[in-house]
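Working notes for the structure below.
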Amino acid sequence: MSAKKNGTAKNEAVEGLLTQIQQRLERLYGETQAQEIFARLLPLLEKRRCPSESLSEADHPKWSQKDVFLITYGDTLYRDESGESDGRGEAQKEAPLETLSVFLKKYIRKSISHVHILPFFPYSSDDGFSVIDYTHVNPDLGDWSHVERLEKSYDLMFDLVINHISRESLWFTDFKANRPPYDQFFIEMHGDEDVSKVTRPRNTPLLVPAYTHRGRKMVWATFSQDQIDLNFQNPEVLLRMLEVLLLYIDKGARTIRLDAIAFLWKELGSHCIHLPQTHEVVKLMRDVMTLVAPHNLLLTETNVPHAENLSYFGEQDEAHMVYQFALAPLLLHALHRGDGQYLTDWAQNLAPPPSGCTFLNFTASHDGIGLRPVEGILPQREVDDLITNMKRLGGFVTNKSNPDGSQSPYEINIALFSAFRETAHSDGPDQWQVDRFICSQNIMMTLQGIPAFYIHSMVATPNDKEGVERTGRTRSINRRRWPLETLEALIESGRTSNAEVLKRLTNILQRRKKHKAFHPDTPQTVLDLGSDFFALWRDGSGKSALRFPLLAIHNLTSEIKILDLSLIDGMDKASYWVNLLDNGGVAATETRYVMQPYQSVWLMPETVDDVSALWAPETD
């Protein structure tokens, strides 16, 4: 195609996106307001428009089998003193973001590609999710130069904490002072409205007092009295958040995570969750990102029942990725009970993501293990049993309020490594904690999508009971802050769970990223080999003629199990299969394959038509 034709095609694509953005604004605010807000948005977009000849997302590869996310707070690791002088003979503290960079480079660099730095902005509560200022780095963590340094080695994910802002923010201060435009930035209520239909993720009051220059007012606060919801019925709010989105892209964010996005738009008389306007805002942000950074990714965070979560793929025009929220509680249940039937049933019925979309698979994060995602998947008796056993292991349960005034469990708060200390059938801790934990991570890594590891899973951090006592918040049990010297001593000893888990996970990840079967777009077929196992093909079908089939089988029990692999359809496609995890192997005609407790095997054919199709070149 000639340069002139290229330019014409690009101009048409740009005009198409701009028209679509304007139409979305009209659906949200009507034609008059949409025109005004679009006129103010357009210069921001023109200044940042992608210089690429193609704005088609198909021409900008989004992911591969080499992609792995690490989730961490900016100050999960800290060093009190760096030993460097400030010129007056006094030692300076090393910025925690710099400490994080040092740790990742030393221990994890070759195993991950993306780093999700949880909110690193000035905040007043909720460990960063009550943002005071969206545009600055919390000086206790470092500054933008430290973020930029991380961006040179990793693709970064930033949180756009879009639903609410801190009570201590200047925006809310100006709201209380009745200063335009902030006097219309929040949802002001009388306090006697019927809000019983509103879906609640917490058991705190939905309407909280604010003392303003106009007297005592009640404002909407979905999550806490310190996190005041923004009023997106005001287009000025949306424009301001689009400016923040563009700033984050300018600062190096490859992925934008829309925090608590499901609750964005409020309409009295509705459930105020997943409203059509909320989906329209997500689509609009996708369009904006396509225009200015078509290689970037949009991730929605919606800790809700599974089908509701998947709705944020839209018609391939909303999120590029959604979290696989049901996975963590189902995995925990399967390995705790030694019974994978519910996990297998769910995975067999899991629809593949739409083209151009994928799942972000994870087993732990800064939040708890959500229970809403398994509604309709796990019977209530199984959920109740899981809660009881997690409490026995030192965990807590957070409740949410229901429309009828009752409360029900919302999430389990526990460090994942501690959650695997024992099983429902054991009388106490057993010798299988590390193997059971690694099995859970292996299963997560085999599923279609991109794996994400919470940093505390990578280093086997146990429950932080002191953190809970210090903060009074149950989520602190899984948010330990490690002195770098302490964690390094545990890792370097080589004899701790921290060392063993880190070594095994990084080794597996480096093996995994070489194999095209793990590409996020490679289909999966889940097998039912009985409740003792979780197994799947990564090639679409065990009967497929694809050149990179992989069979993954996991023993979910603390017992030795025997499998007849010759009964598995597809094994006859190769005479000998190599286990990627230990370089061992097995003949397809094997009649007695012995699996050790919690063992995983990832089997690939010993020979293929084109070896280059099987292995992807390794790069740093």
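Just so it is clear, the structure is predicted and the values come from calculations on it, not from any experiment.
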Once salt bridge (Lys or Arg N to Asp or Glu O under 4.0 Å) is applied, what residue pairs with a partner in residues 491-502 remain, sequence neighbours excluded? Lys106-Glu492, Glu500-Arg504
Suppose we screen for salt bridge (charged side-chain N to carboxylate O under 4.0 Å, His left out). Which residues come up paired with [X], at least two apart in sequence or across chains?
{"X": "Arg421", "answer": "none"}
{"X": "Asp521", "answer": "none"}
{"X": "Arg167", "answer": "none"}
{"X": "Asp367", "answer": "Arg475, Arg479"}

With sequence neighbours excluded, tell me which residues meet side chain to side chain donor-acceptor pair (under 3.5 Å) with [X].
{"X": "Asp287", "result": "Gln20, Arg24"}
{"X": "Thr300", "result": "none"}
{"X": "Asp229", "result": "Asn163, Thr222, Lys266"}
{"X": "Thr99", "result": "Glu94"}

By side-chain contact (heavy atoms from CB on, under 4.5 Å), which residues pair with Ala293, not counting sequence neighbours? Ile249, His295, Asn296
Among Phe359, Tyr312, Phe362, Phe313, the one residue meeting ring-ring contact (aromatic ring centres under 6.0 Å, His included) with Tyr323: Phe362
Restricting to ring pair (Phe, Tyr, Trp, His ring centres under 6.0 Å), what partner residues turn up for Phe69, sequence neighbours left out? His114
All ring pair (Phe, Tyr, Trp, His ring centres under 6.0 Å) counterparts of His116, not counting sequence neighbours: none
